[in-house]
Amino acid sequence: MLNLNLQDTGSLVQAGLIPGIPIEDYHKGPGTSKSQLDQVARTVAHYLSSLTIPRKETDAMKIGSHFHTMVLEPEKQNFVVGPDVNKNTNIWKAFKADAEAAGQTIIDQATLDMLNGMVASVKAHPAASALLFDGDGINESSAYWYDKTSGLLCRCRPDRYRRDLNLIVDLKTTGDASPEAFAKSVADFRYHVQAPFYSDGVTTATGQEVRGFVFVVVEKTPPYAVAVYQLDEQAMEEGHILYHRDLMRLSEAKCSGIWTAYSDRIETISLPRWAIKETRSYE
């Protein structure tokens with residue numbers, strides 16, 4: 001197996017599916033991730049720029065991170081509920097200083113109640129609970145492999161890999177877990193790219209064929225409804241085509257040293273179809 005030097009960590013990892021790599025080291029380390037392919041899909045110039053811009057964590061991302069930890073790695077919970085006092089008071093300042101010294105994130109009671117409600121809902125859902133808490137599974141492991149077509153080193157970090165089922169389980173939070181709404185989220189956030197990218201990657205990294213990729217989707221408001229989805233063959237095939245396209249674009253840019261954004265010529269564009277239908281409705 002190939003040893004890969006994790007940038008800025010001084011540690012070595014072995015190519016394959018590797019447990020125990022801290023999430024911070026994973027993000028700093030080598031290999032192209034799905035989130036980076038999302039930048040490539042925009043332009044390779046956006047990808048290159050993203051490498052030097054610190055990732056800004058939104059409130060939604062923080063909630064998702066806490067939720068993932070509570071479900072997948074409860075022993076690593078690193079938040080504490082802050083006192084219900086004005087943030088200009090000495091009580092709050094002292095509490096904040098202690099939390100920062102301990103490496104803890106401060107949340108309020110309402111956020112904790114939401115997180116507890118989401119976790120309870122997942123545990124009460126038969127399919128979600130079985131996928132996440134039963135069987136022979138490994139959580140938050142990191143996979144590294146070389147894509148055969150582009151030659152690029154790739155990486156992914158499955159939320160849970162069920163070794164007994166050769167199945168990847170991905171945990172998502174959302175405002176609406178209905179089939180119609182989540183299908184839109186799949187398209188908007190390119191989850192149909194994530195599923196085959198992760199599946200092919202873990203297959204290559206482990207030598208065991210991944211036979212399925214399942215999304216466990218949880219709403220962030222009561223009743224914290226849960227749904228479990230898998231993509232159809234058409235969606236998986238489309239995602240497979242797109243991630244290979246993105247990898248080839250990235251490989252070509254790395255080889256040529258040309259990191260283009262949009263066209264450097266005058267281009268003609270058309271109205272989107274929805275805008276044309278909108279104007280015709282007034283005729």
Side-chain angles (χ1 to χ4, degrees), residues 6-11 19-29 33-36 38-39 49-125 128-129 132-133 139-142 157-160 169-177 181-182 185 188-189 191 215-227:
L6 275 181
Q7 299 168 9
D8 302 327
T9 67
S11 61
I21 296 177
I23 187 65
E24 297 82 7
D25 290 351
Y26 169 79
H27 285 306
K28 292 177 183 177
S33 67
K34 186 267 177 181
S35 61
Q36 290 176 336
D38 291 342
Q39 295 294 330
S49 179
S50 71
L51 298 180
T52 59
I53 299 175
R55 183 184 177 193
K56 185 176 180 181
E57 192 175 31
T58 64
D59 289 341
M61 291 169 64
K62 291 177 183 178
I63 290 172
S65 178
H66 290 321
F67 177 62
H68 273 68
T69 301
M70 291 177 72
V71 173
L72 302 169
E73 299 178 296
E75 72 282 1
K76 293 184 179 180
Q77 290 183 30
N78 65 338
F79 60 81
V80 61
V81 177
D84 187 17
V85 297
N86 189 294
K87 293 184 179 181
N88 291 322
T89 63
N90 289 332
I91 294 175
W92 174 266
K93 292 177 182 178
F95 186 89
K96 182 181 179 182
D98 289 342
E100 290 177 346
Q104 295 176 316
T105 301
I106 301 175
I107 65 173
D108 57 27
Q109 185 62 46
T111 299
L112 179 60
D113 292 342
M114 175 187 65
L115 291 169
N116 284 333
M118 293 165 68
V119 172
S121 192
V122 167
K123 291 182 176 180
H125 190 281
S129 179
L132 288 165
F133 304 114
N139 297 345
E140 296 293 347
S141 55
S142 302
R157 193 175 174 96
D159 288 340
R160 181 169 176 79
V169 185
D170 193 71
L171 191 59
K172 301 290 189 192
T173 59
T174 184
D176 186 344
F182 190 68
S185 293
D188 289 344
F189 299 108
Y191 296 154
F215 297 98
V216 174
V217 188
V218 189
E219 293 182 350
K220 294 181 285 187
T221 54
Y224 308 111
V226 176

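Note that the structure is predicted; figures quoted are calculated from it, not measured.
- Here the NE2-CG distance, from His68 to Asn139, works out to 10.0 Å after rounding to the nearest 0.5 Å.
- The main-chain N or O of Ala177 is never found under 3.5 Å from a side-chain atom of Thr174 such that the two would form a donor-acceptor pair.
- Among all heavy-atom pairs drawn from Val81 and Phe95, the shortest one is O-CZ, 3.2 Å.
- The two residues Met70 and Pro74 have their closest heavy-atom pair at O-CB, 3.6 Å.
- Phe133 approaches Val71 most closely through the heavy-atom pair CE2-O, 3.6 Å.
- Few gaps surround CG on Asn86; more than 12 heavy atoms of other groups in view lie less than 6.0 Å from it.
- In this structure, the separation between OG1 on Thr58 and CD1 on Ile63 is 8.5 Å, given to the nearest 0.5 Å.
- Without hydrogens or angle criteria, Ser121 side chain to Tyr224 main chain gives a donor-acceptor distance under 3.5 Å.
- The shortest heavy-atom contact between Ala99 and Val80 is CB-CG1, 4.2 Å.
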**Request:** Could you walk me through whether Thr173 and Glu219 pass side chain to side chain contact (heavy atoms under 4.5 Å, CB included), step by step?
**Result:** CA-CA 6 Å; Thr173 59; Glu219 293 182 350; over 6 Å; no

**Request:** Could you walk me through whether Val226 and Val216 pass side chain to side chain contact (heavy atoms under 4.5 Å, CB included), step by step?
**Result:** CA-CA 7 Å; Val226 176; Val216 174; 4.2 Å; yes

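- With contacts defined as side-chain heavy-atom distances shorter than 4.5 Å, the pair Val218/Phe67 qualifies.
- Here the NZ atom belonging to Lys93 is positioned 14.5 Å from the CG atom belonging to Asp98, to the nearest 0.5 angstrom.
- Atom NZ of Lys96 is surrounded by 12 or fewer heavy atoms from other residues, nucleotides or ligands within 6.0 Å.
- When atom types are taken as modelled, the side chain of Gln36 and the backbone of Ser33 share a donor-acceptor pair closer than 3.5 angstrom.
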**Asked** Between Ile107 and Leu112, does a side chain to side chain contact (heavy atoms under 4.5 Å, CB included) hold up when you go through it step by step?
**Response** CA-CA 7 Å; Ile107 65 173; Leu112 179 60; 4.0 Å; yes

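- Heavy atoms only, all atoms of each residue included: Gln39 and Ser50 are closest at CG-OG, 3.9 Å.
- Atom CG of Asn78 and atom OG of Ser65 lie 7.0 Å apart (nearest 0.5 Å).
- Remark: Leu72 CG to Leu132 CG distance equals 6.5 Å, nearest 0.5 Å.
- Relative orientation of the Phe79 and His66 rings is perpendicular, given thresholds of 30° and 60° on the angle between their planes.
- Atom NE2 of His27 and atom OG of Ser35 lie 7.5 Å apart (nearest 0.5 Å).
- Here the closest heavy-atom approach between residue Phe189 and residue Asp38 is recorded as O-OD2, 4.3 Å.
- At a cut-off of 3.5 Å, with distance as the only test, no side-chain donor of Asp188 or Ser185 sits close to an acceptor on the other residue.
- Legend: residues meeting side-chain hydrogen bond (donor to acceptor under 3.5 Å, both in side chains) with Glu140, ordered by chain and number and at least two apart, are Arg157.
- Lys172 and Asp170 are joined by a salt bridge, as a carboxylate oxygen and a charged side-chain nitrogen come within less than 4.0 angstrom of each other.
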